[in-house]
Protein chains: 2
Amino acid sequence: MDAPFHNKVYIEIVKKIRYMIEQDGLKKGDKIPSERELSERLHVGRSSVREALRALELLGLIETRRGEGTFLRDAKTNRLVELLSSFILQDEKAIKDVKETKFLIEMDCLRLIIHKKTDEKLKNLMKLVQEDLIQDEEFFLNIVKLADNHLFYRIWLILSDFYRSLNMDQGPFEKRNYEALIEALLTSDEKNVLEAYKKLRKLSI
Amino acid sequence: MDAPFHNKVYIEIVKKIRYMIEQDGLKKGDKIPSERELSERLHVGRSSVREALRALELLGLIETRRGEGTFLRDAKTNRLVELLSSFILQDEKAIKDVKETKFLIEMDCLRLIIHKKTDEKLKNLMKLVQEDLIQDEEFFLNIVKLADNHLFYRIWLILSDFYRSLNMDQGPFEKRNYEALIEALLTSDEKNVLEAYKKLRKLSI
DNA sequence: TCTCCACCAGTGGTCAGACCACATATATTA
DNA sequence: TAATATATGTGGTCTGACCACTGGTGGAGA
């Protein structure tokens, strides 16, 4: 119906749904119109609407509950990773890239933190470590958040999912390394910070 | 039909397609069975097959050509990053984050290059600069490629697109800054490299 | 014989309608 | 009032029907 010229209908629908979400200011957990309603409002067949929704679902951007409806989802836990990893990550190089990218971004975040006033929050994080309340992934989730760069945050989340799905042996959680990293951050000395990080990650470079 | 217990049919189909690809040893570019054939072989409706295929398509794992068929794509050009940009980046048009991220990634790539044997290619790049054949964007495209991390490459491409669309005033292309950056890279000294970069980008930090 | 072109089968793209399974709200009944 | 039955709305799936496009094939014409 809509654009037989170039784009496929379901792609148009994806865009329109995204636009709709933006317009109506929908948040995570909010309900989006039913398939039948979308079908009518957009003047397309329900099957096309479903193709768009299924794609978005596979990406983890929406969640459908039979008998209830379709809801926006917190993109944090997405199946995207599972899928892509099973299709892509056989490649040695790709795995290496994921790891490398994740570590480099973590280092960038550390650098960003140095130039911000985050002592208070760092001390809170320190407490969490000392009280054995968090481990590696959550620790760096906090770090990345402190860096206050939403893009890095999103990218890191995906990479972290990937990384987890690789089931790489990380060795035990050595608390003192994490404590040392925070201490280094509190000194605001880049060199110290990076050294602490490399020790934590057992990197040589 | 298949698993009425919990899983949705289209998810099962995704899995089976993946299995099929593995079994038949299909490579990128190869054709996968037609929608109708899959429908028969898997004993499901064609619409369910399509939902699965559309999802895989949106992920960039397959490519469909009307009148021809459905083909496996080079998984290396996955949509990981495009997804980030179209759904997540759009929400928070944090211009500052885009700029910051782009620059940090460029610096990461520079660091990566230092540890690789790329002198030859750097010298070629130097020639291009000297002969006025390239400007900023293409210059850094080369740099990012040299870093040899596909993930960074994809991310940078998106950021670069976005950055360009922001129409930020970059000032004139000062050739000598780019030449100096390459020279610094040839010295393999991280400090020199980063200083050259910061001068080029007029960064203070 | 060779070349060109119309035709046809196969493929993806889309729509409409019909069920089913499930969840919730509403009306009915004990 | 509380428990139950019904109605309605939702996603899940299948079927069959077209359309638009591609590529090959076979026949007409040179």
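Chain naming here is simple, since letters A, B, ... match the order of the sequence lines and numbering starts at 1 in each. This one's a predicted model, so the numbers in the text were calculated from it and none came from an experiment.
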Starting at [atom1] of [X] and ending at [atom2] of [N], how long is that distance when rounded to a whole Å?
{"X": "A:Y10", "N": "C:dG13", "atom1": "OH", "atom2": "C1'", "value": "11 Å"}
{"X": "B:E35", "N": "D:dT22", "atom1": "CD", "atom2": "C1'", "value": "15 Å"}
{"X": "B:L38", "N": "C:dG13", "atom1": "CG", "atom2": "C1'", "value": "16 Å"}
{"X": "A:E63", "N": "D:dT10", "atom1": "CD", "atom2": "C1'", "value": "14 Å"}
{"X": "B:I32", "N": "C:dT11", "atom1": "CD1", "atom2": "P", "value": "12 Å"}
{"X": "B:E37", "N": "C:dG12", "atom1": "CD", "atom2": "C1'", "value": "14 Å"}
{"X": "B:I13", "N": "D:dT13", "atom1": "CD1", "atom2": "C1'", "value": "10 Å"}
{"X": "B:L53", "N": "C:dT11", "atom1": "CG", "atom2": "C1'", "value": "12 Å"}

Hey, is the side chain of [X] poking within less than 4.0 Å of OP1 or OP2 on [N], counting only N and O atoms?
{"X": "B:S39", "N": "D:dC14", "answer": "no"}
{"X": "A:T70", "N": "D:dG11", "answer": "yes"}
{"X": "A:S47", "N": "C:dA16", "answer": "no"}
{"X": "A:R54", "N": "D:dG12", "answer": "yes"}
{"X": "B:T64", "N": "C:dG13", "answer": "yes"}
{"X": "A:R50", "N": "D:dG11", "answer": "no"}

Atom pairs under 3.5 Å, N or O on each side, protein against nucleotides 4-9 of chain D: can you list them with distances?
unit_1 : atom_1 : unit_2 : atom_2 : d
D:dG9  : N2     : A:G67  : O      : 3.1

Ring center gap for A:F140 and A:Y197 short of 6.0 angstrom: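 Yes.
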5'-most contact on DNA chain C (nearest-nucleotide basis), A:G45 vs B:G69, goes to B:G69
Begin from the C-alpha positions of A:K199 and A:E174 and carry the test salt bridge (Lys or Arg N to Asp or Glu O under 4.0 Å) through to its verdict. CA-CA 11 Å; A:K199 189 177 175 195; A:E174 295 184 49; over 6 Å; no
Looking only at side chains, do A:T64 and A:E57 share a donor and an acceptor under 3.5 Å apart?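 Note: A:T64 and A:E57 side chains meet the donor-acceptor criterion.
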Worksheet item: Restricting to pairs with a member in residues 129-145 of chain B, which pass side-chain hydrogen bond (donor to acceptor under 3.5 Å, both in side chains), not counting sequence neighbours?
Response: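 side-chain hydrogen bond (donor to acceptor under 3.5 Å, both in side chains) check on residues 129-145 of chain B returns B:D132-B:K175, B:D136-B:Y178, B:D136-B:R201, B:E137-B:S160, B:E137-B:R164.
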### Query
Is the shortest side-chain N to carboxylate O distance from A:E40 to A:R36 below 4.0 Å?
no
| request: Indicate, yes or no, whether a donor-acceptor pair under 3.5 Å links the base of C:dG12 to the side chain of B:R36. | output: yes
*asked:* Tell me if the NZ atom of B:K116 is crowded by more than 12 foreign heavy atoms within 6.0 Å.
replied: yes
Measure from the side-chain N and O atoms of A:T101 to the backbone N and O of A:D97, and report whether any donor-acceptor pair falls under 3.5 Å.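 At least one qualifying donor-acceptor pair exists.
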